[in-house]
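Reading through the structure tokens given below for one structure.
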2 protein chains.
Amino acid sequence: MAGRQGPGGGAGDRPGAKRAGLDFPRPLTTVDIVIFTIRLEALHVLLVRRGHGEGEPFPDAFALPGGFVDVARDADLAACARRKLAEKTGVVSPYLEQLGSWGSATRDPRGWSATHAYFALIPASAADAALAADAQWFPLQDDNVKPKLAFDHAEILQAAVQRLRNKVEYTSLPAYLMPEEFTLPELQRTYEVVLDRLLEKSAFRTRMLSADLIEPIAKMRKGPNRPAQLYRLKKKAAPVYFARTFNAPE
Amino acid sequence: MAGRQGPGGGAGDRPGAKRAGLDFPRPLTTVDIVIFTIRLEALHVLLVRRGHGEGEPFPDAFALPGGFVDVARDADLAACARRKLAEKTGVVSPYLEQLGSWGSATRDPRGWSATHAYFALIPASAADAALAADAQWFPLQDDNVKPKLAFDHAEILQAAVQRLRNKVEYTSLPAYLMPEEFTLPELQRTYEVVLDRLLEKSAFRTRMLSADLIEPIAKMRKGPNRPAQLYRLKKKAAPVYFARTFNAPE
DNA sequence: CGAATAGTGTCTTTAAGACACTATGTT
DNA sequence: AACATAGTGTCTTAAAGACACTATTCG
């Protein structure tokens, strides 16, 4: 049987009707990004207001930043995601991870469409530096966001939040939400904001310091009380995976 | 600015040149599945030999089962994956999980293409029952397989193996590789085959039995020695996530 | 009985949880 | 000095690792 033929030429049906051609309808292909940051002690996500030109679905609704893959400009999916991220935030090298893909006949009224969803973590310091005019940060409340989202973006957002919360239990991902220099209590606070749960100081410090992740710098954070040691991410800052989760959620 | 326009209508370029139309080139959209099973104490993956009609890329090479999304038949991506899985193996309700997507200008010589990859676990008992004529099981050796694979399928396969190995450290996924009835030593053996590492019997048993995953049945596995208690997956057999990995790989 | 595998128990180890305690700055 | 937060130490706890020991079947 022929291998990768078009629809209708698949296994079992119309044997012998080999068509190597590509003259069958193709789904729309988009990339969407869930961009997280921490502002005002709360997890925020970036949304974009949609236009209202003719034929635009979900006019004026909020949506995740994203759009069609441009086969002329985008070498691959990750490049497309990075391009869209940079267009909206100016950030060029954030933590970027593929989240999954969503595709169906009905999610876009214009026809069968599939989106490749990514999620990105950017530090608060970069979150407002070069924000696009149509983009806006929204705080997350109970895994959701106030405005009703276009397409199936509420579902995608929910998956992103779940993935983030889940990974924060056993990885160093929150480090990518921090500014260049930060203290351990500040990092712990970020963990706590994402997890919406307090963590044990001593266990947290032991875990972070024994991971090959951060290094102290010759500077302290001054405040009204005892100053705190400042740290920065090590150069080779690959995310660290710990062997256990934090609290075994009983 | 307009929201989800076609390529060229994105942020920043050609302002005012709004085009709500969809008259721009679309990538090819495919779904591929990495199907795992255990045979002869080794992890195997299902491959399909490609055809050699005109215009067929990678003629006669082996590839992951998959193919184009059929916008007329497939309601969504998961349905497309299930269809292709059933076509090749006859299995209708396996463990099926989205793996990720791979898309670029160069992975398919016919043009910009994106594939949505899934991975499935099926029991050995189902692995040969209704195998398609062009499909064949190959053992995994060092995260790879003997034949050179078409497209970027070697990369996808590698990602699938990594994901499986990783998840086996802290989940009950191998249970989906077992036949309906199995003993604890058999389940442990499956874990060991996937991880390519021996596990401690007592820790393994404690973990499995304290999870709400399997239940004993009123039957024993008879053999040349002491018989072993047979178990089956509980009805609500959602995968279990453990709070720790097995051996902390030092 | 001995061989072989199933299954249990006991002690150690690791890393987290609880929480007290010390350290160091500001006002 | 009072206070607030940074940072450490000590004891407990949960679950895994090591490994010996018992249990049950067959030949």
Side-chain angles (χ1 to χ4, degrees), chain A residues 41 168-172 174 178 181-193 195 197-232 240-250, chain B residues 41 166-172 174 178 181-193 195 197-232 240-250:
Chain A
E41 301 258 303
V168 165
E169 295 277 0
Y170 60 94
T171 70
S172 61
M178 305 304 291
E181 301 176 353
F182 55 88
T183 69
L184 274 179
E186 287 164 1
L187 181 59
Q188 179 173 352
R189 192 74 201 110
T190 298
Y191 269 84
E192 292 173 340
V193 163
L195 288 175
R197 186 174 91 224
L198 295 180
L199 295 180
E200 252 306 307
K201 179 169 54 165
S202 127
F204 179 82
R205 297 176 67 95
T206 308
R207 175 185 278 207
M208 288 306 145
L209 290 175
S210 62
D212 186 40
L213 177 70
I214 59 178
E215 55 192 2
I217 61 179
K219 221 183 344 177
M220 307 291 276
R221 168 87 73 223
K222 294 281 167 65
N225 339 313
R226 176 174 173 175
Q229 178 63 53
L230 279 165
Y231 293 84
R232 68 171 168 219
V240 174
Y241 287 74
F242 303 103
R244 303 192 190 175
T245 60
F246 263 116
N247 278 329
E250 69 285 352
Chain B
E41 301 257 303
N166 192 37
K167 283 193 124 173
V168 165
E169 295 277 1
Y170 61 92
T171 70
S172 61
M178 305 304 291
E181 301 177 352
F182 54 88
T183 69
L184 275 179
E186 287 164 1
L187 181 59
Q188 180 173 350
R189 192 74 200 109
T190 297
Y191 269 83
E192 291 172 341
V193 163
L195 288 175
R197 185 175 91 225
L198 294 179
L199 295 179
E200 253 305 306
K201 180 168 55 166
S202 123
F204 179 83
R205 295 175 69 95
T206 308
R207 176 185 276 208
M208 287 306 145
L209 290 174
S210 62
D212 187 39
L213 177 70
I214 59 179
E215 55 192 359
I217 60 179
K219 222 186 336 179
M220 307 290 277
R221 170 84 75 220
K222 293 281 167 66
N225 341 314
R226 173 171 175 178
Q229 178 65 52
L230 278 166
Y231 294 83
R232 67 171 170 219
V240 175
Y241 287 72
F242 303 103
R244 302 193 191 175
T245 59
F246 263 116
N247 278 329
E250 70 283 355

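Every heavy atom of this structure was used, including side-chain atoms; hydrogens, water molecules and symmetry mates were not. Note on naming: letters A, B, ... go to the chains in the order of the sequence lines (proteins, then strands), and numbering restarts at 1 for each one.
Here dG25(C) presents its C1' atom at 9 Å from CE of M220(A), a figure rounded to the nearest Å. Distance, E200(B) CD to dT14(C) P: 15 Å, rounded to whole Å. At whole-Å resolution of the value, CZ in F242(B) and C1' in dA16(C) are 19 Å apart. In this structure, CG of L230(B) is placed 14 Å from P of dT25(D), rounded to the nearest angstrom. Computed from coordinates, the Y170(B) OH to dA16(D) P distance equals 16 Å when rounded to whole Å. Taking atom CD of residue Q229(A) and atom P of nucleotide dG7(D), one finds them 7 Å apart after rounding to whole Å. Separating the CG atom of L198(A) from the P atom of dG17(C) is a distance of 12 Å, rounded to the nearest angstrom. K222(A) places its NZ atom 16 Å from the C1' atom of dA23(C), with the value rounded to the nearest Å.
Note that CE of M178(B) and CD of E186(B) are 5.5 Å apart. Values are rounded to the nearest 0.5 Å. R232(B) contributes atom CZ, which lies 12.0 Å from atom CD1 of I214(B) (distance to the nearest 0.5 angstrom). In this structure, CD on E192(B) lies 10.0 Å from CG on L187(B), to the nearest 0.5 angstrom.
Toward the 5′ end of DNA chain C lies the nearest nucleotide of A228(B), the other residue of the pair G223(A) and A228(B) mapping further downstream.
In the interface, the side chain of S202(A) is paired with the base of dG9(D) through a donor and an acceptor atom under 3.5 Å apart. For dA23(C), its base sits under 3.5 Å from the side chain of R226(A) at one donor and acceptor pair at least.
Base engagement by K201(A) is indicated by at least one non-hydrogen atom pair under 4.0 Å involving a base atom. Backbone-only engagement by R207(A) is indicated by non-hydrogen atom pairs under 4.0 Å involving sugar-phosphate atoms exclusively.
Looking at E169(A) and R197(A), a side-chain N of the basic residue comes within less than 4.0 Å of a carboxylate O on the acidic one, giving a salt bridge.
Here the side chain of N225(B) is nearest to one of dA6(D), dA6(C), dT5(C), namely dT5(C). Candidate nucleotides dG17(D), dA16(C), dG7(D) were compared by shortest atom distance to the side chain of R244(A), and dA16(C) ranks first.
For R205(B) and dG7(C), the shortest distance from a side-chain N or O to OP1 or OP2 is below 4.0 Å.
Taking the six-membered ring where the residue is Trp, F204(A) and Y191(A) present perpendicular rings, their angle passing 60° and hence far from 30°.
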